Amino acid sequence: MADAPLHHRILLVEDSPSLATVYQEYLRAGPYDIRHAHCIADALKFADQAMPDGVLLDLRLPDGDGLSVLRELRGRDPDLPVVVMTAHGSVALAVEAMRAGASDFLVKPFAPERLTVTVANVMERAALRRQVAVLAAGAPRQGFAGFIGAAPTMQAVYRILENAAASRATVFVTGESGTGKELAAEAVHSISPRKAGPFIAINCAAIPKDLIESEVFGHVRGAFTGAVADRMGAARAADGGTLFLDEICEMDLALQGKLLRFIQTGTFQPVGSGKLMQTDVRFVCATNRDPLEEVRAGRFREDLYYRLHVIPVPLPPLRDRGDDVLALAEAFLAKSAAEEGKRFQRFDAEARALLMRHTWPGNVRELENAIRTAVVLHDGEVVTASMLPATVREGGAKPAPAPLPPPEPPKVQETPPLTLTPRAVESTKRIRPLADTEREAIEEAVRLCGGNIAKAAAYLGISPSTLYRKQESWRRR
């Protein structure tokens, strides 16, 4: 047996009972369930009980202008098909009705066929729009809020970020270095109700242990040596917005307790102050470690973990994102070429194959650095395989060597004390720590390259990310 045809609920708003009867008779053969309202009040009452699938609306009603009904119902459902009917047809009135959202316009009197065809057409168009919306919702997104890529793993990330943004709940982003944790935090902020407020980021791993409390909560003048003026911390600066705590697992345990109180009460004390301050902050945290493992190891407070780990967002490594590698590479190529004034437009087939074969241990950050290095050191319209950094051409980082077996305990031997001759003493004075020599070489290379990190790294034979990490470690000392 064939399925019964789908019946659409049609709301007929017409003050003339005789015309309403005629219109219902015209439409009786169609797949419609028609309810008649003779005024605005009845029309809105019926809509409150059950939203119609379509509306036939007279513009001249005893209790007001039919356009008010049009605006009210289209405000509830922007896709609701509405056919406007009036005996006072004019171009101006038709334009006003269409601007208010009418799907079509009929001037009384009209033939039965004109009404049936018009209603059928607007209902069919509405059904097609709904189908397109459903298909679009199911189609993979090519990117989201600054992210690029359509991999299935990223579709899940996009949905979590989109749903999390609307709430006040704390978001906890995890993933390897270079996967885009700060970008995820910025996405949550940028599409949230707090997007007009500040977005303040603190990297807990980049700030010395004795300064991070001041960075987060601020301090008052004289709180410690060097505190020559009051300082507004990140907690206060983020009032009304979002506070992003990157590498949260690096935070000192003592400060973790103060952070927990801040999250629970919304209040904090600047360093050196006895005054409680209150602020309205939404928290987003991130780490490249396993936070539960940090809890088990005693390096991260369990109560703080459960307070922060409300909406987890695991970011996949680039090696698990398939063709996203090429989409990202093309985006980075366009960006770097524009910034460096180069002509590059695309990759050749061999370069594309290398990009797909590489395992990208540094993830998206490594890919961006590799593309920038190729753009800085070469020119042309096509990036060839030979232009890519050696780490990419060689197929990725070399595997770590297998651990050596533990050495046997050395035999205790009597050795005479070492006696240095004056010449030997003079020679050893010339020996300098390897770390100092390395730092001088790197700083000299950066200077000779005009501060261009990618170019300096290429000449030194290391990746830009390695150079950045070394500079960061020097700043911490």
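Quick caveat, the model's predicted, so the values are computed rather than measured.
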Heavy-atom side-chain contact between [X] and [Y] under 4.5 Å:
{"X": "L259", "Y": "R307", "result": "no"}
{"X": "V119", "Y": "L56", "result": "yes"}
{"X": "I10", "Y": "R35", "result": "no"}

Do NZ/NE/NH1/NH2 and the carboxylate oxygens of [X] and [Y] come within less than 4.0 Å?
{"X": "R289", "Y": "E247", "value": "no"}
{"X": "R76", "Y": "E72", "value": "yes"}
{"X": "D239", "Y": "R194", "value": "no"}
{"X": "K108", "Y": "D58", "value": "yes"}
{"X": "E293", "Y": "R299", "value": "no"}
{"X": "E162", "Y": "R159", "value": "no"}

Original post:
Mind checking whether F110 and Y23 have ring centres under 6.0 Å apart?
Top reply: yes
I'd like to know if the side chain of [X] reaches the main chain of [Y], judged simply by a donor and an acceptor atom lying under 3.5 Å from each other, with no hydrogens or angles considered.
{"X": "D77", "Y": "M51", "value": "no"}
{"X": "Q256", "Y": "M251", "value": "yes"}
{"X": "E14", "Y": "S16", "value": "yes"}
{"X": "D348", "Y": "A351", "value": "yes"}
{"X": "D33", "Y": "H8", "value": "no"}
{"X": "D63", "Y": "A41", "value": "yes"}
{"X": "S167", "Y": "A164", "value": "yes"}
{"X": "W360", "Y": "P317", "value": "no"}

Nearest 0.5 Å please: distance from the [atom1] atom of [X] over to the [atom2] atom of [Y].
{"X": "C285", "Y": "I263", "atom1": "SG", "atom2": "CD1", "result": "6.5 Å"}
{"X": "E368", "Y": "L328", "atom1": "CD", "atom2": "CG", "result": "9.0 Å"}
{"X": "L276", "Y": "F268", "atom1": "CG", "atom2": "CZ", "result": "9.5 Å"}
{"X": "L255", "Y": "L304", "atom1": "CG", "atom2": "CG", "result": "9.5 Å"}
{"X": "N203", "Y": "L245", "atom1": "CG", "atom2": "CG", "result": "10.0 Å"}
{"X": "L318", "Y": "T179", "atom1": "CG", "atom2": "OG1", "result": "9.5 Å"}

Can you see which heavy atom on [X] is nearest to which on [Y], and at what distance?
{"X": "F344", "Y": "V375", "result": "CE1-CA, 3.8 Å"}
{"X": "P62", "Y": "C39", "result": "CG-CB, 4.1 Å"}
{"X": "I160", "Y": "P312", "result": "CG2-O, 4.0 Å"}

Original post:
For E176 and N363, does a side-chain donor sit closer than 3.5 Å to a side-chain acceptor?
Top reply: yes
Original post:
Side chains of N288 and S177: do they bring a donor and an acceptor to under 3.5 Å?
Top reply: yes
Original post:
Would E340 and R372 count as a side chain to side chain contact (heavy atoms under 4.5 Å, CB included) if you check the C-alpha gap in whole Å, the side-chain angles of each, and the deciding distance to 0.1 Å?
Top reply: CA-CA 9 Å; E340 300 292 338; R372 181 170 288 278; 3.1 Å; yes
**OP:** Start with the C-alpha distance between D230 and H219, add both sets of side-chain angles, then the distance that settles side chain to side chain contact (heavy atoms under 4.5 Å, CB included), and finish with yes or no.
**Re:** CA-CA 6 Å; D230 291 354; H219 63 251; 5.9 Å; no
Original post:
Of Q345, R352, K335, which is the lone residue that meets side chain to side chain donor-acceptor pair (under 3.5 Å) with E330?
Top reply: R352
Just checking [X]: does its [atom1] atom have more than 12 heavy atoms from other residues, nucleotides or ligands closer to it than 6.0 angstrom?
{"X": "R28", "atom1": "CZ", "value": "no"}
{"X": "R125", "atom1": "CZ", "value": "yes"}
{"X": "E302", "atom1": "CD", "value": "no"}
{"X": "D290", "atom1": "CG", "value": "yes"}

**OP:** Under the salt bridge (charged side-chain N to carboxylate O under 4.0 Å, His left out) rule, what do K258 and E213 come out as? Steps first, then yes or no, please.
**Re:** CA-CA 9 Å; K258 295 180 180 180; E213 182 176 359; 2.6 Å; yes
Subject >> Sequence neighbours excluded - ring pair (Phe, Tyr, Trp, His ring centres under 6.0 Å) pairs with any residue from residues 276-328 >> reply: F172-H309, F262-F283, Y305-H309
